[in-house]
Enquirer: 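Below are the structure tokens for one structure; questions will follow.
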Amino acid sequence: QVQLVESAGGLVQAGGSLRLSCAASGRFRSSNAMGWYRQAPGKQRELVADITSGGSTNYADSAKGRCTISSDSAQNTVWLQMNSLTPEDPAVYYCNVVVRDFISGIVKLYWGQGTQVPVSS
């Protein structure tokens, strides 16, 4: 009942920039947090950045100083601006949202389908 639609734009190359967008839709009482994770081949999925509905942000060490996460709670949308891309950044990026279910009221986490940020050479 909750769907996440991801999109991406920008230069996908070392030193370039990338902007990831994700919008959540469906029936839920509230959105507690939204964020971005990534999973490289052979690696576990890891947090890049997330943001709560109150505006608190959390960044992976590799993202600090060059990445900015922002959100619009009214639109249930989150953006991740990534600058100064490094060789470690190529991965599949997954949007996630933590919401309170409209029917049950319990907190649930949903994932987007994943957005490929390819290796450049």
Side-chain angles (χ1 to χ4, degrees):
Q1 67 275 31
V2 178
Q3 296 179 335
L4 301 176
V5 179
E6 305 170 346
S7 63
L11 299 177
V12 184
Q13 63 183 118
S17 299
L18 180 69
R19 184 175 176 84
L20 300 171
S21 300
C22 176
S25 63
R27 292 177 62 84
F28 49 88
R29 297 184 186 182
S30 62
S31 175
N32 295 330
M34 300 187 74
W36 286 95
Y37 287 68
R38 68 185 181 190
Q39 186 169 20
K43 305 293 185 179
Q44 295 184 358
R45 189 173 299 182
E46 63 180 6
L47 172 72
V48 181
D50 59 17
I51 183 170
T52 70
S53 59
S56 298
T57 59
N58 183 44
Y59 295 93
D61 289 340
S62 62
K64 293 179 180 178
R66 65 186 183 93
C67 300
T68 302
I69 189 168
S70 59
S71 65
D72 184 334
S73 60
Q75 298 181 1
N76 295 309
T77 302
V78 64
W79 299 268
L80 179 66
Q81 178 69 40
M82 302 180 64
N83 300 321
S84 302
L85 295 175
T86 74
E88 294 185 356
D89 290 327
V92 178
Y93 284 72
Y94 296 90
C95 176
N96 79 303
V97 59
V98 179
V99 304
R100 189 172 298 277
D101 184 77
F102 184 81
I103 301 299
S104 68
I106 65 175
V107 174
K108 296 183 178 181
L109 189 147
Y110 294 88
W111 295 96
Q113 293 299 309
T115 298
Q116 179 71 53
V117 177
V119 175
S120 60
S121 63

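Below, all heavy atoms of this structure are taken into account, side chains as well, without hydrogens, waters or symmetry copies.
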Enquirer: Could you see if Val107 belongs to whatever hydrophobic cluster contains Leu47? Use Ile, Leu, Val, Met, Phe, Trp, Tyr and a side-chain cutoff under 4.5 Å.
Expert: yes
Enquirer: Just verifying a value: how many Å separate Glu46 CD and Ser62 OG, rounded to the nearest 0.5 Å?
Expert: 6.0 Å
Enquirer: Membership question, hydrophobic clusters at under 4.5 Å side-chain separation (ILVMFWY): are Val92 and Ile69 in the same one?
Expert: no
Enquirer: If I compare all heavy atoms of Ala40 with all of Pro90, which pair ends up nearest, and what's the gap?
Expert: CB-O, 4.0 Å
Enquirer: Can you give me the closest heavy-atom contact between Gln113 and Tyr94, atom names plus distance?
Expert: O-CE2, 3.6 Å
Enquirer: Is the side chain of Arg100 donor-acceptor paired with the backbone N or O of Gly105 at a distance under 3.5 Å, no angle test?
Expert: yes
Enquirer: Please name the pair of heavy atoms, one in Cys95 and one in Val78, separated by the smallest distance, quoted to 0.1 Å.
Expert: SG-CG1, 3.9 Å
Enquirer: Can you get from Tyr93 to Val5 by hopping between Ile, Leu, Val, Met, Phe, Trp and Tyr side chains that sit under 4.5 Å apart?
Expert: no
Enquirer: Which pair of heavy atoms, one from Met34 and one from Ala24, lies closest together, and at what distance?
Expert: CE-CB, 4.2 Å
Enquirer: With rounding to the nearest 0.5 angstrom, report the CD1 to CZ distance, Ile106 to Arg29.
Expert: 10.0 Å
Enquirer: To the nearest 0.5 Å, what is the distance between OG1 on Thr52 and CG on Asn58?
Expert: 10.0 Å
Enquirer: I'd like to know if the side chain of Asn96 and the backbone of Gly35 have a donor-acceptor N/O pair within less than 3.5 Å.
Expert: yes
Enquirer: Can you run down the ring pair (Phe, Tyr, Trp, His ring centres under 6.0 Å) pairs that involve residues 9-62, sequence neighbours left out, and say none if there aren't any?
Expert: Tyr37-Trp111
Enquirer: Indicate yes or no for a side-chain donor-acceptor contact from Gln1 to the backbone of Gly26 under 3.5 Å, with no hydrogens or angles considered.
Expert: no
Enquirer: Is Leu4 reachable from Val98 through a run of hydrophobic residues whose side-chain heavy atoms are each under 4.5 Å from the next?
Expert: no
Enquirer: Applying the 4.5 Å side-chain criterion to the ILVMFWY set and letting contacts propagate, would Leu85 and Trp79 be lumped into a single cluster?
Expert: no
Enquirer: Do you know the tightest heavy-atom contact between Leu20 and Ala8?
Expert: CD2-CB, 3.5 Å
Enquirer: Atom CD in Gln81, atom OG in Ser21: separation rounded to 0.5 Å?
Expert: 9.0 Å
Enquirer: Nearest 0.5 Å, what's the OG-CG distance between Ser71 and Leu80?
Expert: 12.0 Å
Enquirer: Show the numbers, then the answer: is there a side chain to side chain contact (heavy atoms under 4.5 Å, CB included) between Asp89 and Arg66?
Expert: CA-CA 12 Å; Asp89 290 327; Arg66 65 186 183 93; 2.7 Å; yes
Enquirer: For Ser31 versus Asn76, what's the shortest heavy-atom pair and its separation?
Expert: CB-OD1, 3.6 Å
Enquirer: What's the spacing between Lys43 NZ and Glu88 CD if we round to 0.5 Å?
Expert: 9.0 Å
Enquirer: Answer with yes or no whether the side chains of Asn32 and Ser53 bring together a donor and an acceptor at under 3.5 Å.
Expert: no
Enquirer: Is it the case that over 12 heavy atoms from other parts of the model lie below 6.0 angstrom from the CD atom of Gln3?
Expert: no
